[in-house]
S.K.: 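Pasting a structure below so you can have a look.
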There are 2 protein chains.
Amino acid sequence: MNVTQEDYLKSILNIEMSGQQATVSTLSNMLHVKPSSVTEMVKKLSELDLLLYKKYKGFKLSPKGKTLALKILRRHRLWETFLYNVLNYPWSDLHGEAEKFEHLISSNMESRIDELLNYPAFDPHGHPIPQKDGLLPLNERVKFYHVLSQVEIGGQGTLVQVSDDSVSFLDYLEQIDLSIGDLITVKDKRNFDNAMEITFKHKTLLLTRQMADNIIIDVQST
Amino acid sequence: MNVTQEDYLKSILNIEMSGQQATVSTLSNMLHVKPSSVTEMVKKLSELDLLLYKKYKGFKLSPKGKTLALKILRRHRLWETFLYNVLNYPWSDLHGEAEKFEHLISSNMESRIDELLNYPAFDPHGHPIPQKDGLLPLNERVKFYHVLSQVEIGGQGTLVQVSDDSVSFLDYLEQIDLSIGDLITVKDKRNFDNAMEITFKHKTLLLTRQMADNIIIDVQST
DNA sequence: AAAATTTTTTAGGGATACCTAAAATATGAA
DNA sequence: TTCATATTTTAGGTATCCCTAAAAAATTTT
């Protein structure tokens, strides 16, 4: 296993967790690599028994591959939590630093960090951290979770999750002091550009559709 | 700069700090690499202005190379200190883990760790940690430091430093509970194999010459 | 100065990851 | 079902890095 291969596994897990079927073209777009390069790597990973692959018929993570991908995701999210809680990193820097380190963390180190952080279930963005057995902790309130862009005018809830990979987005949120746990109210929606107006902490804010798509709130949690 | 190149710089710094002149053959032995590979890399590093090099005449770190090598050494020792103080790693695992991470630590992370550890001057093995300006902190008692193998019968002092790269050696010291700060007394020396007998914490121990060469004590510190 | 040693050059290799272009295959619309 | 389109695979090539073995050159020792 090297860094590139681990990145492929992570991306495939990512696609599968969103309920989609991973294809050569989705990976090609996601990793900014030509389709033929993807095919080549998919073959290699299936030879390593990390993917189940039938020519022309598609591929998916094997049990072994899924276990490994979840382990990498676990290390990524544990490391983000460590950077945030212990080293006081800002939100926007977490993802990039974790991308580098997730590949280097040994099982031993993983356990020690887990212990230091007191076995966290969620990372600083509100994403669940896969546990040692590979299971994702489920918040019992998950049934009240809504993507902010889908919430109607007047709806409100507490911020529980933000997507972690756009640096400028996270920078912006941190700058305006919007954090996990804040109460958000949808004040207005505009057909133009699908923008929406929200309030939180007595502040009013206009969010683009893109932003609202990457924010999850827990409704009726007041 | 990649990992291999950084390892070359570190080794050269290592040799120079011990007062020797780095040569192709010393590096070749140290890195378990053929002399021609060393020459190739030395040429590359000198093109990067990290080494001053004249064919057949030898080479040494340039100011720029020395700064970089000290930065890597700083990160290595800071990371060891972090693993020991924060993650409770045993002595013997520190070096190996630090070898991996020293290449990934950014300036930002370096500062944060430095702060977390409260700006340490020495690592868990007692080695000085190069400071941000590249200077090595000097213990004012350094004039009382002696390599244990050179100490005469009856001499005693506190343990201040152990070499950090033999896993089994460190494992052994930890197992018998010999730690930095312990008072050591030389009880006997044997011509045979240059072994020496010491006592500490009411225990008696026979050390090989190799071991005693890698232990530094501060004499008359009682 | 000849011999021994060390360093450098030459020539070529393996691994990895990526690319392009062309061929093969699958899919979906008419 | 056939044809056009889109996707996937094959084939062969590039670049980077670091490696080795053997020959050549320089330096040091005797």
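What's counted below: heavy atoms across the whole structure, side chains too, no hydrogens, waters or symmetry copies. Throughout, protein chains are lettered first and strands after them, A, B, ... in sequence-line order, and every chain is numbered starting at 1.
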S.K.: Without decimals, in angstroms, what is the distance between B/Met41 CE and C/dT7 P?
M.R.: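 Roughly 17 Å, once rounded to whole Å.
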
S.K.: Classify the side chain of A/Ser36 versus the base of C/dT20 as yes if they form a donor-acceptor pair under 3.5 Å and no if they do not.
M.R.: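 Present.
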
S.K.: Between B/Lys55 and D/dA26, does any side-chain N or O lie under 4.0 Å from OP1 or OP2?
M.R.: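 So the side chain of B/Lys55 is outside the cut-off, no N or O lying under 4.0 Å from OP1 or OP2 of D/dA26.
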
S.K.: Less than 4.5 Å apart, side chain to side chain, heavy atoms only: is that true for A/Arg75 and A/Ser107?
M.R.: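 The answer is yes; the side chains approach within 4.5 Å.
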
S.K.: Starting from P on C/dT16, measure out to CG on A/Leu48 and report it in whole angstrom.
M.R.: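 So the two atoms are 10 Å apart, to the nearest Å.
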
S.K.: Whether B/Lys44 contacts D/dC18 is assessed here as follows: a side-chain N or O lying under 4.0 Å from the phosphate OP1 or OP2. Is that the case?
M.R.: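 Yes, because at least one side-chain N or O of B/Lys44 sits under 4.0 Å from OP1 or OP2 of D/dC18.
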
S.K.: Is the shortest side-chain N/O distance from B/Thr39 to OP1 or OP2 of C/dT7 below 4.0 Å?
M.R.: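 So the side chain of B/Thr39 is outside the cut-off, no N or O lying under 4.0 Å from OP1 or OP2 of C/dT7.
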
S.K.: Could you please name the option among C/dT8, D/dC19, C/dC19 that lies closest to any side-chain atom of A/Glu40?
M.R.: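 Selected nucleotide: C/dC19.
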
S.K.: Once you apply a heavy-atom cut-off of 4.0 Å, does B/Ser25 come out as touching a base, just sugar-phosphate, or nothing?
M.R.: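 Here B/Ser25 touches the backbone only, sparing every base.
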
S.K.: Could you tell me how far apart B/Tyr56 (OH) and D/dA25 (C1') are, to the nearest whole angstrom?
M.R.: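 Taking atom C1' of D/dA25 as the reference, OH of B/Tyr56 is at 4 Å.
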
S.K.: At 4.0 Å (heavy atoms only), tell me whether A/Tyr53 reaches a base, stays on the sugar-phosphate, or touches nothing.
M.R.: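 If one applies the 4.0 Å heavy-atom cut-off, A/Tyr53 turns out to touch the sugar-phosphate alone, with no base involved.
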
S.K.: Measure the distance from CG on A/Leu31 to P on C/dC18 and round it to the nearest whole Å.
M.R.: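 From A/Leu31 CG to C/dC18 P: 8 Å.
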
S.K.: Between atom NE2 in A/His32 and atom C1' in C/dA17, what is the gap in whole Å?
M.R.: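 From A/His32 NE2 to C/dA17 C1': 17 Å.
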
S.K.: Expressed in angstrom and rounded to an integer, what is the separation of A/Leu27 atom CG from D/dT8 atom P?
M.R.: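 These atoms are roughly 10 Å apart.
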
S.K.: To the nearest angstrom, how far is B/Lys34 atom NZ from C/dT10 atom C1'?
M.R.: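 It works out to 17 Å between those atoms.
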
S.K.: Can a salt bridge be assigned to the pair A/Arg74 and A/Glu110 using a cut-off of 4.0 Å between side-chain N and carboxylate O?
M.R.: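 So A/Arg74 pairs with A/Glu110 through a salt bridge.
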
S.K.: Give the ring-plane orientation class for B/His125 versus B/Trp91, where under 30° counts as parallel, over 60° as perpendicular and anything between as tilted.
M.R.: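 The rings of B/His125 and B/Trp91 sit tilted, inter-plane angle from 30° to 60°.
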
S.K.: Would you call B/Glu99 and B/Lys10 a salt bridge, using N to O less than 4.0 angstrom?
M.R.: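 So B/Glu99 pairs with B/Lys10 through a salt bridge.
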
S.K.: Given C/dA15, is OP1 or OP2 found less than 4.0 Å from the side-chain N or O atoms of A/Asn2?
M.R.: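 So the side-chain polar atoms of A/Asn2 never come under 4.0 Å of the phosphate oxygens OP1 or OP2 of C/dA15.
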
S.K.: What's the CD-C1' distance between A/Glu6 and C/dT16, to the nearest Å?
M.R.: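 Distance, rounded to whole Å: 15 Å.
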
S.K.: Which part of the nucleic acid does A/Thr4 contact within heavy-atom distance under 4.0 Å: base, sugar-phosphate only, or nothing?
M.R.: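 Result for A/Thr4 = sugar-phosphate.
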
S.K.: Please determine if a side-chain N or O atom of A/Lys43 lies less than 4.0 Å away from the OP1 or OP2 oxygen of D/dT10.
M.R.: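 So the side chain of A/Lys43 is within the cut-off, an N or O lying under 4.0 Å from OP1 or OP2 of D/dT10.
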
S.K.: A/Phe82 and B/Phe82: aromatic ring centres closer than 6.0 Å?
M.R.: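 Between A/Phe82 and B/Phe82, the centre distance is under 6.0 Å.
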
S.K.: Just call it for B/Val38: base, sugar-phosphate, or nothing, with non-hydrogen atoms closer than 4.0 Å on any strand.
M.R.: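 No contact.
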
